[in-house]
Amino acid sequence: MASLHCTHGARARAPAAPRAAAPRPGGMLSGRSGRRRPVAPARAGACAQAAPQLEGARVRPEPPIEANSIVAFAPAHRLDEPEGPPAMPLFVALSDELVVACQKQPEVARGGLKALQCLGVWGVVVDVWWGDVEREPRQYDWAAHAAVLQMAREAGLRVKVAFCFHADEQHSLPPWVLAAGKAVPDIFPTDRAGARSTECLSVGVDHVPALAGRTPLAAYGEFIAAFRDALAPLLGSVVTDADVGLGPGGELRYPSTPADARWNFPGIGEFQCYDRFMVASLSAAAQQVGQPHWGNSGPHDAGGYCQWPHQTGFFHHQGSWDSEYGRFFLQWYSASLLAHADALLGAARAALRGAGVTLHARLPTIHWWYNQAAHAAELTAGLYNSGGRNGYLAFCQVLARHGASLVLTGGEMRDCEQPSYALASPESLLLQLRATAASQQVPVSLGNLSARFDADALAELERKGFEPGGHRGIDVGPVSALVVNAMGAAMFEQPSWRDFKDWVTRLRARNGALASERGARGRRGGAGSGSSSSSGSSSSSGSGSSAAAARAAAAAGGGSKQPPQQQQQQQQQQQQQEAEQRQSALVPSFDQSGAAAPDAKSASEALAEAETAYNAACPSEPAAGAGAQPLRRAGAERSSGAQPLLGSPAGRHPPASAPPARRVRLASAPPPAGPAADAGAQLPPMSPAGLRPASAAAAAGGSPAPSRFNLNNVVIGPSFKEQLEKARSERDEARRQAAELQWQLKLKRDSSQQCQSELEQCLRAQRQRLDELEELLQEREQELRELLALLQQGRWGDLRRQLEVVTGWGMAAARCC
């Protein structure tokens, strides 16, 4: 392995001696840092009691462990490690206290990691802070992270590293970056009042060499490349994933809601575009659209950090956010953030190319004011998700271009837990984000926002991770991975640890069911593709024959006998595949006996559709002495042995010039047995494949002999399938339009409700202001009466003193008197 304390630059230099990593400030934390939005507190519990130690070949003997140590909670046996990754891997984020414990208390940290592995946790998430590793330019210290990765490797856990290029309450940016900020303060995001945020660097300086001759993008790329060089033996085997921090909290957003006293929930925040680099970019964009005055500054009526949308002129439901200027500014503001994400993901992809590491990026879940027309809190964060515009689509397209996955948080939050005045909807926002990612085929990892391990929060995270859903016609399936935040002292308290163990056990069972379902779906797809390629016809017409051929090949192949149980399992799987293929076929298929296979639709629905399509596709030619009659149902006649007639005894038949006809037996009911059922039928019996020429004359291009038809023996023209597909497509289009109209109606209703709620809030505020003015007016009237009384009594000294107290005009009033 390369040296852990290395120098990374254009040309490699001699490595320096390793130095001990400085301890991180902050002490014991209950969760990962950078999560500032209001969430429910974690459950507290009593100290846990001791439990048997781990057993297994890979577990080395440990010194005696205290009763309150996290090692004491490890189960007494090791579960079998799966051969490959589960259907939905579970990651647990490590808190700062556990990273420090890997160096100061390795036995405690090792025991905690082993406990996670024995439960069935697939991996852990380790934060890699820029300010802790690169204390000097191009001087990297990976000692602390190497210890964590090595310990995770010994415990059999995978690792997802999170590159944190931001700061929080416990971690700061590198000292040399802060020194560069003192020389050029505009490298930090700036609000309208000129306050700087040292939480991250401004996206306007991505290509400005302001960091010791390097651009921020170059510094980010060299940092990731140094990690690759120093820990190359662990990449791809232990380190399998990497989160790329794109902004505050590792998320793609502006620092519009700072952690200090300037902001509190549910304030809308402020735009962070007032450093001179961002103002120059805004001015250039305004010049391009021919409106130079738009580039002078940001919106003047956007309000402050703690204000609500209705209190501002820009974010009001009829505010200027939907004007020409508002749309221009918001598009530029969000496009600058998107360009930053594209460039940084490109640098990370280039640094980790060929290392076997999957990239991830994080989007924020700013759920307050989501049900407000402007989505004010999202707009100040740089997410243009209002006015019928999907503000997350472009970012998902960037992720798809770089082959990265999306990481979302807030899976434990519910709408009913949010205050009504905030117009928040974390569930709707999360569903929109997942549907947008699904539309671009971007995998999604879901985690919790707060360090909660109670049963309710874990159950909600499980429900959102496994249960499918939909958003505006887009199907949303299970997520690709779950992330629990975070492994620390709060997690190993007795109530939390018990709930977490039960939850992980339940996840293992659901993972097995999900893997079986995906395997069956894959086998169905493989069987369908093989059948279509071998037969050269539709999958519906060849499903029965391909399944029979598969059974024959399995029986004849190899020449060796399989165990009875294995043969029975294979037969059951083949039968299940045949049934699923028959249900998915457009035209009903038939088994070897000629009986119709069961269809997903009911018999009445299938008959109604067939009658409509048949009468539309096959125009009748009335015979002599009888008029043509449409195809009709004949349930009673069929049950009694009689056959319904189609027109005259001559029946219907395709014209002589028509191509070879094909016949279909409708999947309504098994055909009646006996000679009465076949009386008058002159067509040959149905073949096992289900679709064959009706007669030799039809196969040769001629017209078949006149005959009578019933619902189990129908000759149709070749356009039947086309007419049926057209009818179904028109039905689907009508359904889609109806769903769209229903959605628009719901949006209008929601918008009217939002407007009504905002108007009510404004009315309450105006009434409160009116009450205050009335109280002030009463006080002034009382003071005026007192002054008049003093004036009438001629008490000039008291009058002057009273005027000084009331108005401060005592001297001028005395001279006038």
Side-chain angles (χ1 to χ4, degrees), residues 34-39 165-169 186-206 245-275 277-279 281-282 297-316 319-321 326 329-341 362-370 372 374-386 391-392 395 409-410 422-424 426 429 433 449:
R35 308 294 187 267
R36 301 177 290 97
R37 292 190 282 279
V39 291
F165 298 111
H166 62 280
D168 64 358
E169 293 85 351
D186 287 287
I187 66 173
F188 297 120
T190 309
D191 61 13
R192 185 175 181 83
R196 315 281 184 179
S197 174
T198 58
E199 195 172 353
C200 63
L201 294 179
S202 172
V203 300
V205 297
D206 281 348
L246 301 177
E251 302 168 337
L252 180 65
R253 61 181 177 89
Y254 291 99
S256 58
T257 55
D260 52 30
R262 289 178 292 172
W263 176 83
N264 56 34
F265 181 84
I268 59 176
E270 283 194 21
F271 291 113
Q272 305 292 313
C273 60
Y274 294 93
D275 59 86
F277 299 102
M278 292 292 287
V279 172
S281 175
L282 176 61
S297 179
H300 67 280
D301 54 350
Y305 286 102
C306 300
Q307 287 187 304
W308 293 8
H310 69 274
Q311 297 173 341
T312 68
F314 189 80
F315 297 113
H316 194 267
S320 53
W321 62 272
F329 173 79
L330 294 175
Q331 187 174 359
W332 165 83
Y333 192 63
S334 61
S336 300
L337 194 64
L338 186 64
H340 166 74
R362 190 183 303 269
L363 270 178
T365 51
I366 304 178
H367 57 275
W368 57 98
W369 305 118
Y370 182 80
Q372 189 254 348
H375 293 232
E378 295 174 82
L379 294 184
T380 57
L383 307 171
Y384 191 5
N385 189 42
S386 59
Y392 306 102
F395 179 67
T409 57
L423 298 180
L429 173 60
L433 289 167
L449 186 61

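None of the values given here were measured: they were computed from a predicted structure.
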Which atom pairs, one a donor and one an acceptor, fall under 3.5 Å between side chains of residues 376-386 and the rest of the protein, sequence neighbours left out?
residue, atom, partner, partner atom, Å
Glu378, OE1, Asn385, ND2, 3.2
Glu378, OE1, Tyr392, OH, 2.4
Glu378, OE2, His375, ND1, 2.6
Thr380, OG1, Ile268, O, 2.6
Thr380, OG1, Ala377, O, 3.1
Asn385, OD1, Gly391, N, 3.1
Asn385, OD1, Gln432, NE2, 2.9
Asn385, ND2, Gln432, OE1, 3.3
Ser386, OG, Ala374, O, 3.4

Calculate, to the nearest 0.5 Å, the distance between atoms CZ and CG belonging to Phe314 and Leu330 respectively.
4.5 Å
Give the C-alpha distance, both sets of side-chain angles, the deciding distance and a yes or no for side-chain contact (heavy atoms from CB on, under 4.5 Å) between Asp301 and Ser320.
CA-CA 9 Å; Asp301 54 350; Ser320 53; 3.7 Å; yes
Determine the interplanar angle of the Trp263 and Trp368 rings, folded into 0 to 90°, and report it as parallel if under 30°, tilted if 30 to 60°, perpendicular if over 60°.
tilted
Exercise: identify the closest heavy-atom pair between Pro299 and Arg192:
O-NH1, 3.4 Å
With sequence neighbours left out, write down each residue that passes side chain to side chain contact (heavy atoms under 4.5 Å, CB included) with Asp260, or none if nothing qualifies.
Pro258, Arg262
Side-chain contact, heavy-atom cut-off 4.5 Å: Phe271 with Asp191?
no
Closest non-hydrogen atom pair between Gly249 and His166, with its separation
N-CD2, 3.4 Å
Hey, mind stepping through Trp308 and Trp369 against side-chain contact (heavy atoms from CB on, under 4.5 Å) and telling me if it holds?
CA-CA 9 Å; Trp308 293 8; Trp369 305 118; 3.5 Å; yes
Measure up the Trp332 and Phe329 rings against each other and bin them: parallel (under 30°), tilted (30 to 60°), perpendicular (over 60°).
tilted
Between NE2 of His340 and CG of Leu246, what distance do you get to the nearest 0.5 Å?
5.5 Å
Spacing of Leu429 atom CG and His367 atom NE2 [to the nearest 0.5 Å]:
9.0 Å
Do Ser297 and Tyr274 have side-chain heavy atoms sitting under 4.5 Å apart?
yes
Derivation of the side-chain contact (heavy atoms from CB on, under 4.5 Å) call for Arg196 and Asp186:
CA-CA 8 Å; Arg196 315 281 184 179; Asp186 287 287; 3.0 Å; yes
If you define the side chain from C-beta out and look only at heavy atoms, does anything of Glu251 sit under 4.5 Å from Thr365?
no
side-chain contact (heavy atoms from CB on, under 4.5 Å) for Thr257 and Tyr305? Distances and angles first, verdict last.
CA-CA 7 Å; Thr257 55; Tyr305 286 102; over 6 Å; no
Side-chain heavy atoms of Leu337 within contact of Leu252, under 4.5 Å:
yes
Is there a donor-acceptor pair closer than 3.5 Å between any side-chain N or O of Tyr254 and the backbone N or O of Tyr333?
yes
Cys273 to Met278 - nearest heavy-atom pair and separation:
O-CB, 3.6 Å
Nearest non-hydrogen partners of Gly304 and Glu270, listed with the distance
CA-OE2, 3.4 Å
What's the spacing between Phe277 CZ and Thr190 OG1 if we round to 0.5 Å?
10.0 Å
I need the minimum non-hydrogen distance between Pro255 and Glu199, along with the two atoms involved.
CB-OE1, 3.9 Å
